Every structure is written in C-alpha cells, then in structure tokens.
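Below is one structure, written out as structure tokens; comments come after it.
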Amino acid sequence: MKNPNYYAVIPAPVLFDKDLTPIEKVLYAHLTVLSEKEWYAFANNTYLWQQLDRSPDHVSKILSKIEKKWFIRISHTETKRLIYLEIGVVKNDKGGLSKMTTII
C-alpha cells in the first residue's frame, strides 16, 4: 500500500489481551479501518494477507481466534463474508447500536 492516510484503533480489551499476538492485534486494528463506514468489513482473506504479509490460512486462523474471544462477529451472505466489530459498539438509549467515538 502506498502512503496510507488513515489511522487504526485498537481498543483496550484487544490491546491488553495477553492471548493475542501483535499481528492478531494489528489485524483487528485493520478491521476497524475497513469497517469505518458500514460498521462491518467484508475483506476476503487474500486482501487481508496482502495487507499483513501473512498467508490466507494464517489470516483465517487469526479471524477465528479473534471471533472466539468475542471481539468480532462473522456472518455470511450469499455473496460475501461480513466481519462486525463487537468492541467499540454500544447500545444507545433507543435500543439501537451506536459506534463509540472514543475508545479508552
């Protein structure tokens, strides 16, 4: 990627999770960038591996591990995989979901 012009967020529960490796935390951070507009990411493993210099199988294992820790939720449509962030989203007073603007 040439001269990226964005920043990623690693929420404290992810950042300080001792079971996650640095690359697993970086993948989560990359998902925060990809999900900024739609609240979910739909990047496939090939794209993620190209960004992180890891094999598609390794990316798949990382996503499974992060999902088992409840930091993301993965669902599938007929045409794509959707990866929802479970950290950084809160319920608002009307029962809907709102994205947190500040994560400490």
Side-chain angles (χ1 to χ4, degrees):
M1 175 180 294
K2 288 184 179 181
N3 302 318
N5 189 21
Y6 59 83
Y7 62 93
V9 175
I10 303 177
V14 176
L15 182 63
F16 296 113
D17 189 305
K18 294 180 191 254
D19 292 333
L20 294 178
T21 65
I23 195 66
E24 292 165 345
K25 294 173 187 183
V26 168
L27 176 58
Y28 183 92
H30 196 67
L31 292 173
T32 69
V33 172
L34 296 174
S35 67
E36 184 62 30
K37 281 187 174 181
E38 302 293 333
W39 295 22
Y40 60 84
F42 57 88
N44 61 34
N45 289 354
T46 301
Y47 170 80
L48 293 172
W49 107 190
Q50 290 168 339
Q51 299 300 305
L52 301 173
D53 197 27
R54 296 292 188 269
S55 73
D57 285 341
H58 191 193
V59 169
S60 182
K61 288 176 186 176
I62 292 171
L63 289 171
S64 292
K65 182 177 179 180
I66 296 170
E67 184 178 31
K68 286 178 186 171
K69 294 183 121 338
W70 297 95
F71 293 146
I72 60 172
R73 179 175 46 87
I74 299 173
S75 68
H76 299 272
T77 68
E78 290 182 20
T79 57
K80 60 187 167 185
R81 172 183 67 191
L82 304 176
I83 304 169
Y84 294 90
L85 302 181
E86 294 295 303
I87 302 290
V89 176
V90 294
K91 289 186 179 177
N92 63 31
D93 59 354
K94 296 178 183 166
L97 296 179
S98 298
K99 215 166 192 188
M100 291 175 63
T101 55
T102 304
I103 301 174
I104 300 173

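Owing to the predicted nature of the structure, the values given are computational and were not obtained by experimental measurement.
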So, for Pro11 and Tyr28, which heavy atoms are closest and what is the spacing to 0.1 Å?
-> CD-CE2, 3.3 Å

For the atom pair OG1 (Thr21) and NZ (Lys65), what is the distance rounded to the nearest 0.5 Å?
-> 5.5 Å

Test side chain to side chain contact (heavy atoms under 4.5 Å, CB included) on Leu63 and Arg81 and set out the steps.
-> CA-CA 12 Å; Leu63 289 171; Arg81 172 183 67 191; 3.6 Å; yes

Go through the structure and list residues passing side chain to side chain contact (heavy atoms under 4.5 Å, CB included) with Lys25, not counting sequence neighbours.
-> Ile10, Val14, Leu20

Can any side-chain N or O of Ser64 pair as donor or acceptor with the backbone N or O of Ser60 at less than 3.5 Å?
-> yes

Approximate separation, where rounding is to 0.5 Å, of Lys61 NZ and Ile66 CD1 | 14.5 Å

Check the hydrophobic clustering (I, L, V, M, F, W, Y; side-chain heavy atoms under 4.5 Å; chains of links allowed) and say if Trp70 and Ile62 are grouped together.
-> no

Just how far is it from atom OH of Tyr47 to atom CG of Leu52, taken to the nearest 0.5 Å?
-> 9.0 Å

So CD of Glu24 and CZ of Arg54: to nearest 0.5 Å the spacing works out to 10.0 Å

For the student: nearest non-hydrogen atoms of Ala29 and Ala8, plus distance = O-CB, 3.3 Å

Run the side chain to side chain contact (heavy atoms under 4.5 Å, CB included) check on Leu85 and Ile72 step by step: do they pass?
-> CA-CA 5 Å; Leu85 302 181; Ile72 60 172; 4.1 Å; yes

Nearest heavy atoms of Ala41 and Leu31, plus distance in Å | CB-CD2, 4.0 Å

Ile74 to Glu67 - nearest heavy-atom pair and separation | N-OE2, 3.1 Å

State, yes or no, whether a side-chain contact exists between Leu34 and Leu48 at a heavy-atom distance under 4.5 Å.
-> yes

Using the ring of each side chain (for Trp, its six-membered ring), is Tyr40 parallel, tilted or perpendicular to Tyr84, with breaks at 30° and 60°?
-> tilted

Run the numbers on Phe71 and Asp17 for side chain to side chain contact (heavy atoms under 4.5 Å, CB included), then give the verdict.
-> CA-CA 11 Å; Phe71 293 146; Asp17 189 305; 3.6 Å; yes

